[in-house]
Amino acid sequence: MQHGSDILIIGGGVIGLSTALRLAGQDVSVTVVDRQRVGAEASWAGAGMLPPGDLATAKTPEARLRSYSYDMWEPFCAQLRELSGMDNGYRKCGAVEVGLDSAAFDLQVRQWQAEGLCCDPLDRAELERHVPGLQQQIQHGVFLPEFAQVRNPRHLKALTAACQAMGVEILEDVGHLSVCAKGRAVEVTTPLRRLGADRVCVTAGAWTGQIMKPLGVELPVAPVRGQIALLRVSQLPFSCVIEQGRRYIVPRADGLILVGSTQEHVGFEKRSTAEGVSGLLSFAESIVPELGAAEVVRCWAGLRPGSPDELPFIGRVPGYDNMFVGAGHFRSGLQMSPATAAVLTDLMLDRTPAISLDGLDPTRVTKPLVI
Ligand SMILES: Cc1cc2nc3c(=O)[nH]c(=O)nc-3n(C[C@H](O)[C@H](O)[C@H](O)COP(=O)(O)OP(=O)(O)OC[C@H]3O[C@@H](n4cnc5c(N)ncnc54)[C@H](O)[C@@H]3O)c2cc1C
């Protein structure tokens with residue numbers, strides 16, 4: 001049996017679903033196909049931190065995507081609420097960055113200031129006001145008042161419902177999907193049917209490279225495991241995110257606290273480990289000692305789609321006329337999802353994206369494979 005739509009999106013994580021929703025708003029027929037339930041991989045597992053940006057001063061590909069996205073989050077969440085009737089937990093909670101390695105810390109603060117971000121240096125007394133009970137040895141930090149967060153599982157549910165409300169067809173648990181080259185075009189089939197579409201967009205997260213390989217395209221997207229421990233306290237001691245380098249504590253409004261995360265190159269292995277979890281618990285206690293008494297609710301891990309330069313690949317797949325990709329967002333796929341969806345939509349509808357894609361093109365490190 002043949003099935004057809006204007007655009008077929010392979011992979012229903014936050015990137016695929018956000019892109020589908022954006023396209024559906026342009027009167028395009030869209031199908032999202034996933035080998036399992038949509039929204040159940042990295043996008044579900046993440047912490048939902050949304051750091052601020054300023055598009056006017058953004059100079060790097062990372063800053064451009066981050067700030068273009070940041071400006072969209074608030075209206076995007078309002079649109080989701082309207083379409084789905086669900087609240088994804090978006091809120092501007094602020095973040096305190098605490099630094100024990102002062103050289104790296106100073107560099108980070110200088111970068112924020114150069115970007116024109118609102119960031120207030122804090123002495124010990126001010127730190128205590130944001131985070132009562134902060135470990136005594138931490139004497140300085142910086143507050144980013146614009147920092148926001150979203151609750152991933154709720155966001156994914158709202159996105160899925162909004163897509164459905166806009167007429168996006170979502171095909172889940174389709175089994176093995178095969179993507180074959182037919183000249184300069186690709187064809188997608190499942191065990192049950194051929195999925196016809198004018199354009200195909202691959203947003204399969206850490207699995208994207210596997211889909212590309214049989215097509216003779218080597219896209220270096222690799223899984224990077226991140227573990228999270230979820231704690232509960234009866235009364236939240238603080239309401240802002242606390243970050244120290246690549247580790248963080250994210251309080252939700254209902255007393256749950258996410259502690260993340262590890263960064264491990266262990267292939268497609270998603271288990272939580274004793275070493276990973278105990279490291280996270282020690283980290284939380286070392287920052288706010290009273291978290292040592294918090295209840296451990298559960299632990300999980302997700303596979304970030306890593307890339308060699310930690311930047312996503314967004315654009316037309318080299319060698320093909322009808323195939324596009326949006327993958328490799330590594331630690332920033334949630335925050336960058338609105339901008340990625342906007343850019344992919346523009347590219348697939350032959351329009352010029354609002355931001356430069358320099359540094360994000362899939363050709364920058366891909367190479368044809370000899371097969
Ligand atoms: C612990 C952790 C914390 C994080 N914290 C943050 C954060 O605070 N802020 C932030 O911005 N980012 C964060 N991230 C990163 C973010 O979660 C990812 O960058 C983002 O979710 C990637 O989205 P995606 O849609 O590309 O991939 P995924 O969410 O992994 O979705 C890929 C989809 O493709 C499907 N798929 C795979 N193979 C196939 C196939 N062959 N056929 C059909 N479908 C297929 C999968 O089933 C899945 O549904 C975190 C990640 C982790 C793991």
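Order of listing sets the numbers, starting from 1, for every ligand and every atom in it.
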G48 heavy atoms, cut-off 4.0 Å: which ligand 1 atoms fall inside?
-> 7 (C), 8 (O)

Under 4.5 Å between any side-chain heavy atoms of T203 and L17, yes or no?
-> no

Residues P338 and S69: closest non-hydrogen pair is CD-OG, 3.6 Å

Return yes when V38 approaches ligand 1 closer than 4.0 angstrom through a heavy atom, no otherwise.
-> no

If you scan protein heavy atoms around atom 15 (C) of ligand 1, the nearest is F330 O, 3.1 Å

Residue, atom name and distance, where the atom is the protein heavy atom closest to atom 5 (N) of ligand 1 | A47 N, 3.1 Å

Is the shortest distance from a heavy atom of P305 to ligand 1 less than 4.0 Å?
-> yes

Taking only heavy atoms of I211, which atoms of ligand 1 are found under 4.0 Å from at least one of them?
-> 40 (C), 41 (N)

Any N/O of Q36 closer than 3.5 Å to an N/O of ligand 1?
-> yes

shortest atom 47 (O) of ligand 1-to-protein heavy-atom contact is with D34 OD1, 2.7 Å

Residue G302 vicinity, atoms of ligand 1 by number, heavy atom under 4.0 Å = 53 (C)

Hey, can you tell me if H155 and F76 have their rings parallel, tilted or perpendicular (30° and 60° cut-offs)?
-> perpendicular

How far apart are the closest heavy atoms of R316 and N322, and which atoms are they?
-> NH1-N, 4.4 Å

Contact region, W300 to ligand 1, non-hydrogen atoms below 4.0 Å, reads neither

Test item, W44 contacting ligand 1 (heavy atom, 4.0 angstrom) | no

For the residue pair L256 and R151, establish whether any side-chain heavy-atom pair is separated by less than 4.5 Å.
-> yes

Between R35 and ligand 1, does any nitrogen or oxygen pair lie at a separation below 3.5 Å?
-> yes

Atoms of ligand 1 less than 4.0 Å from V14 heavy atoms?
-> 23 (O), 25 (O)

Give the cluster check for M72 versus L357: same hydrophobic cluster or not, with ILVMFWY residues linked at side-chain heavy-atom distances below 4.5 Å.
-> yes

Shortest reach to atom 42 (N) of ligand 1 by a heavy atom, considering only I9, T19, L177 | L177

Below 3.5 angstrom, do we get any N/O pair linking I15 and ligand 1?
-> yes

Counting each atom of ligand 1 from 1 as listed, which ones have a heavy atom of S261 under 4.0 Å away?
-> 1 (C)

Check S272 against Q227 and note the closest heavy-atom contact, atom names and distance.
-> CA-OE1, 3.4 Å

Go through the side-chain N and O atoms of R304 and S261 and say whether any donor and acceptor fall under 3.5 Å apart.
-> yes

Would you indicate whether the side-chain heavy atoms of Q108 and V142 approach each other to under 4.5 Å?
-> no

So, does A327 sit close enough to ligand 1 that a heavy atom of it is under 4.0 Å from the ligand?
-> no

Salt-bridge criterion met for R37 and E172 (N-O under 4.0 Å) = no

Among all protein non-hydrogen atoms, which one is nearest to atom 20 (C) of ligand 1, and what is the separation to 0.1 Å?
-> G333 CA, 3.7 Å

Side chain to side chain contact (heavy atoms under 4.5 Å, CB included) between V233 and E290, worked out = CA-CA 10 Å; V233 292; E290 71 175 273; 6.0 Å; no

Which of the atoms in ligand 1, numbered in the order shown and given with their element, are less than 4.0 Å from a heavy-atom of W207?
-> 30 (O), 37 (C), 38 (N)

Which protein non-hydrogen atom lies closest to atom 17 (O) of ligand 1, naming both residue and atom, and how far is it?
-> A42 O, 3.2 Å

Which atoms from ligand 1 have a heavy atom of S43 less than 4.0 Å away?
-> 20 (C), 21 (O), 23 (O), 24 (P), 25 (O), 28 (P), 29 (O)

In terms of hydrophobic clusters joined by side-chain contacts under 4.5 Å, are Y68 and Y70 together?
-> no

Atom 8 (O) of ligand 1: nearest protein contact (heavy atom, Å) = M49 N, 2.8 Å

Honestly curious: do V221 and V200 fall in one hydrophobic cluster under the side-chain, below-4.5 Å linking rule?
-> yes

Closest non-hydrogen contact found for R351 with Q26 is NH1-OE1, 3.0 Å

Using heavy atoms and a threshold below 4.0 Å, how should the contact between I228 and ligand 1 be classified: side chain, backbone, both, or neither?
-> side chain

H265 vs V224 side-chain heavy atoms within contact, under 4.5 Å | yes

Name the option, out of Q210, M336, Q335, that contains the heavy atom nearest to atom 11 (O) of ligand 1.
-> Q335

Tightest non-hydrogen contact, residues M323 and M212, listed as CE-SD, 3.9 Å

Counting from 1, what ligand 1 atoms have a heavy atom of G46 closer than 4.0 Å?
-> 2 (C), 3 (C), 4 (C), 5 (N), 50 (C), 51 (C), 52 (C)

Heteroatom distance test (L303, ligand 1): nitrogen or oxygen, under 3.5 angstrom | no

Write out the residue and atom name of the closest protein heavy atom to atom 51 (C) of ligand 1, then the distance separating them to 0.1 Å.
-> R304 CG, 3.6 Å

Residue, atom name and distance, where the atom is the protein heavy atom closest to atom 12 (N) of ligand 1 | R331 O, 2.9 Å

